[in-house]
Structures are given as structure tokens and as C-alpha cells.
Amino acid sequence: MKKIAILGAGIYQVPLIKKAKEMGLYTIVFSIKGNYPGFQYADKVYYVNTTDEDEIIKIAKQEGIDGICTTGTDVCVPTIGKVCDTLGLSGVSYDAAICAANKSDMKAKFIEQGVRTAKFKTVKNLEQVKEAIADMQLPIMVKAVDSSGSRGITKVKEATDENLSKAIESVNQVSKLDYFVVEECIEGVEFGAQALVYNGEVKFIMPHGDYVHMGDTGVPVGHYVPYNISDEILEESKKQVELSAKALGIDNCAINADFILRGEEVFVLEIGARAGATCLPEMVSIYYGVDFYKILLQVALGEEIESFTTDKLTPNVCKLLMADKTGEIENIQLPQVSSENVIDVSCDYKVGDKVNKFKIGPDRIGQVIVKGDTIEAAVKEMDDLIEKIHIDVK
């Protein structure tokens, strides 16, 4: 029986752990202690921080793992790279993972290799921020370089000391590093894409539209495919993914890409060397008629994968369920579903559980995924379904 190490036990790693079990793999899950749902599905759990590279390498050697992967999170990607390099496993390299997990290193590589991206500077304090943005157009983005899930990112429209200081404080609350980046905010249409690079080749790119919750910054709370862009922009998106992967040296892993479309130009905000969160692996599976979680595991194990074709593409849409306040769930009402188009409607919590008012992706309390013959039909069915969902928080 092959052994697969999966980093993280949160809600976005649960489907990956379940799929590994279905494939007959021995699943070893690494995570800090906590009320994480993935623990119950693992064959073995090690309560280790997923950023503790040395300890995870030590255990991986002892266990004799055959592969290592994650989904939906960036912070542990360097650990995956270090394990892959040390044990000779299939997956992203450590150098590529470091670049992909650090927005400062990533942007520097992008600029060096000709990837179209926003002007940026790496800074450490308020004075350096003010100096850096002197030749930038407002608004600007202030970003932690070592976080994911939209944490530590603030859009600053007026560059007052107060606004900039608040943005820096947001960085300091989530970052373990003593530096961060400021960059010009490219005004345009934001969209994302999922992709897979396998043996040096980008096997597919799936641009998707995003539903965004606007708080301190925009946080994706849902997606839809297909995304209505021209063939020319689709090709430009694929070109920018290929350039980005080459710039960072990324291979044998999923790619989670964030773009801005300004006119006919596609700008790369950032890419992650892992599959996206917010139901995106499920959407890839539905759209292409494949099992994307299975493919992610096969790539990590160095196995052959099935091909991605465009013969029959299935439109689909997803949205997260969110709480409008912090408190305790007192009632959950999910509708009875008979439609074959409804892939999932679920709540992550039960009555009596405490939840947070939605600010960032991990604050989600559930999800809805619907497919259809057209994206318009799928969206309508999803909206009708969400109207019937009642999750009360007191």
C-alpha cells in the first residue's frame, strides 16, 4: 500500500484525504492540534506544524512516504518542496515553492522573466512605504508576503499616514516576516484560473469568474465557469501562466492563478503552487469530466494522469455560505434536493458550534455547488437553492 502525506486537516483538505482513502492509499495527515475535520479520515495523524520542514522530513523518512501534497493553502508549499527534494518525490521543488509562497520573491521573478504584473516594492516600515509609493499611482495594495486566504492584504485609496499604518498593522497581525510588499492596484476586471503543470507542460488552464465579498479587501466567496472571455484573452492567460511557471520553476503541481484584465492585457497578480480553495478542485472535475483530486494525488505519486479534453465542458457554479455575525449556530435548515444538477449543499458546522462573521475564506460555514446545461441555468438554480437555506446565528 502506497503512503501519501497530506499537509493540513482543514475543510479544504478533507476531500483530498477522502479521495486518497478511496484510492486505497495510506493517508498520513500533518497539522497542528485543533478542531480540524480532516483528522477523522486519516489513517495516521502527526500533530506537527505544516511549516516545520525538518520535523516533517524526519517523519516522512521514517514512514517511507511515496508522495506529499496539499490543496487550498500556500503556507505549507515550501515544506512540500523540501520533502520532494530530500526524498526524490514528484512535486514542486523547494526553490520554486519558496518563490511561490513568498509574494516578494515571486514578484521579483516575474519582473525578471517578463511576466506582466504590477509595479511593486519590498518594504519594512511606514517611511519605506511612503518612499516606495512616491512613483506609484493610487490606489495601492499593501500585502503580507507569507499569507494566504486574503489575510494581511489591504487596498489603500488615500495614502495618509493613518491609512498606511492600519494597512501595515494588518500585515503584522498575520506575517512572520519583517518585510512586506506594496504594489500598484491595477484597475480592471479580476478573475482567476486553475491549471496543472505536469512534466514541464501546462495540461489545462480553466479561467473562472469570481464572486467577491468586499471587506478590507476583496475575498473570493464563489466562482463560475465558463468565464466569458475571448479566445485571444484565453490564450494570453495561458501564456502568462506558462511564463509564470517558467519564471518560478514550478512543475508537477496544480497552479492557482489570480489575474487582472485591463483592456486586452492580462496581468498576473500572483500564482500559488497548489490547487485553489472555495470549491475550485470540484469545479475543475465537473467542468472537464475528470477527478481532479485523484489527479493531484497521482501527480504527487509520480503516476500517469488522465488527459484533459474540451469535448464536453459542463458549466458549473459555487458559492460559500457565510455568517453575518460572530456567534453560535442555533438553527440549520438545508432544503431537500432532488435535482441531479445540485452537486453539493452542505454546512461545515452543527447546531451549537461557534462561527465567525465572514472576513476571510476560512470563515466559511458551508458551500453550494451546482451544474447546468448553461452557466445561466446553473446560476439561477443555485440562487433559488440559497434562498431556501437558513443558518441562524445568535
Side-chain angles (χ1 to χ4, degrees), residues 1-101 146 148 176 196-199 249-256 272-277 281 291-306 362:
M1 179 183 290
K2 289 186 176 180
K3 294 182 177 181
I4 186 76
I6 295 175
L7 300 191
I11 194 67
Y12 288 123
Q13 289 82 51
V14 167
L16 190 67
I17 300 168
K18 286 184 173 180
K19 180 55 61 176
K21 293 291 292 179
E22 288 178 21
M23 292 169 62
L25 301 174
Y26 187 83
T27 57
I28 303 171
V29 170
F30 293 83
S31 171
I32 59 173
K33 291 183 178 180
N35 186 28
Y36 296 112
F39 291 148
Q40 63 183 303
Y41 303 106
D43 289 301
K44 184 179 285 189
V45 173
Y46 284 97
Y47 297 109
V48 178
N49 192 308
T50 58
T51 64
D52 190 339
E53 299 167 6
D54 293 337
E55 184 64 17
I56 291 177
I57 287 173
K58 176 183 174 182
I59 295 170
K61 287 180 177 179
Q62 292 173 350
E63 291 286 354
I65 66 169
D66 298 285
I68 183 169
C69 61
T70 193
T71 186
T73 181
D74 289 311
V75 294
C76 63
V77 173
T79 302
I80 291 175
K82 193 69 171 287
V83 172
C84 287
D85 284 0
T86 304
L87 275 65
L89 301 176
S90 173
V92 66
S93 71
Y94 185 62
D95 286 346
I98 286 292
C99 284
D146 56 341
S148 61
K176 297 178 181 178
L196 179 75
V197 59
Y198 177 69
N199 291 338
I250 290 175
D251 198 6
N252 292 320
C253 65
I255 288 177
N256 181 62
R274 47 83 178 178
D291 189 330
F292 195 40
Y293 284 114
K294 180 179 180 180
I295 289 170
L296 295 176
L297 291 161
Q298 289 173 326
V299 170
L301 293 167
E303 299 177 351
E304 290 296 315
I305 64 171
E306 60 184 301

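Worth saying up front: this structure is predicted, and the values here are computed from it rather than measured.
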**Student:** Which heavy atom of Asp291 sits nearest to which heavy atom of Glu306, and what is that distance?
**Tutor:** N-OE2, 3.8 Å

**Student:** Any donor-acceptor pair under 3.5 Å linking the side chain of Asp251 with the backbone of Asn199?
**Tutor:** yes

**Student:** Output, in order, the C-alpha distance, side-chain angles, deciding distance and verdict of side chain to side chain contact (heavy atoms under 4.5 Å, CB included) for Arg274 and Val92.
**Tutor:** CA-CA 9 Å; Arg274 47 83 178 178; Val92 66; over 6 Å; no

**Student:** Tell me every residue that passes side-chain contact (heavy atoms from CB on, under 4.5 Å) with Ile98, counting only those two or more places apart in sequence or in another chain.
**Tutor:** Pro78, Tyr94, Asp105

**Student:** For a quick check under 3.5 Å, do Asp95 and Ser93 share a side-chain donor-acceptor pair by atom type?
**Tutor:** no

**Student:** Do Lys61 and Thr86 have side chains that get closer than 4.5 Å, going by heavy atoms?
**Tutor:** yes

**Student:** Using side chain to side chain contact (heavy atoms under 4.5 Å, CB included), reason through Thr79 and Glu53 one step at a time and then give a plain yes or no.
**Tutor:** CA-CA 5 Å; Thr79 302; Glu53 299 167 6; 3.6 Å; yes

**Student:** Quick one: are Gln298 and Met23 in side-chain contact, heavy atoms under 4.5 Å?
**Tutor:** yes

**Student:** Please confirm whether the backbone N or O of Gly272 pairs with a side-chain atom of Asp74, one donor and one acceptor, at under 3.5 Å?
**Tutor:** no

**Student:** Surrounding CD of Gln62 (heavy atoms of other residues, nucleotides or ligands, distance under 6.0 Å), is the total greater than 12?
**Tutor:** yes

**Student:** Donor-acceptor pairs under 3.5 angstrom involving side-chain atoms of residues 25-37: please list them, not counting sequence neighbours.
**Tutor:**
residue	atom	partner	partner atom	Å
Thr27	OG1	Asp43	N	3.0
Thr27	OG1	Asp43	OD2	3.2

**Student:** Go through Thr73 and Tyr12 one step at a time and tell me if the side chain to side chain contact (heavy atoms under 4.5 Å, CB included) criterion holds.
**Tutor:** CA-CA 8 Å; Thr73 181; Tyr12 288 123; over 6 Å; no

**Student:** Applying the side-chain contact (heavy atoms from CB on, under 4.5 Å) test to Lys19, which of Val14, Leu297, Leu296 qualifies?
**Tutor:** Leu297

**Student:** Anything under 3.5 Å between a donor and an acceptor, one on a side chain of residues 1-9, the other on a protein residue two or more places apart or in another chain? List them.
**Tutor:**
residue	atom	partner	partner atom	Å
Lys2	NZ	Glu303	OE2	2.7
Lys3	NZ	Glu63	O	2.8
Lys3	NZ	Glu63	OE1	3.1

**Student:** Run the numbers on Tyr46 and Ile56 for side chain to side chain contact (heavy atoms under 4.5 Å, CB included), then give the verdict.
**Tutor:** CA-CA 9 Å; Tyr46 284 97; Ile56 291 177; over 6 Å; no

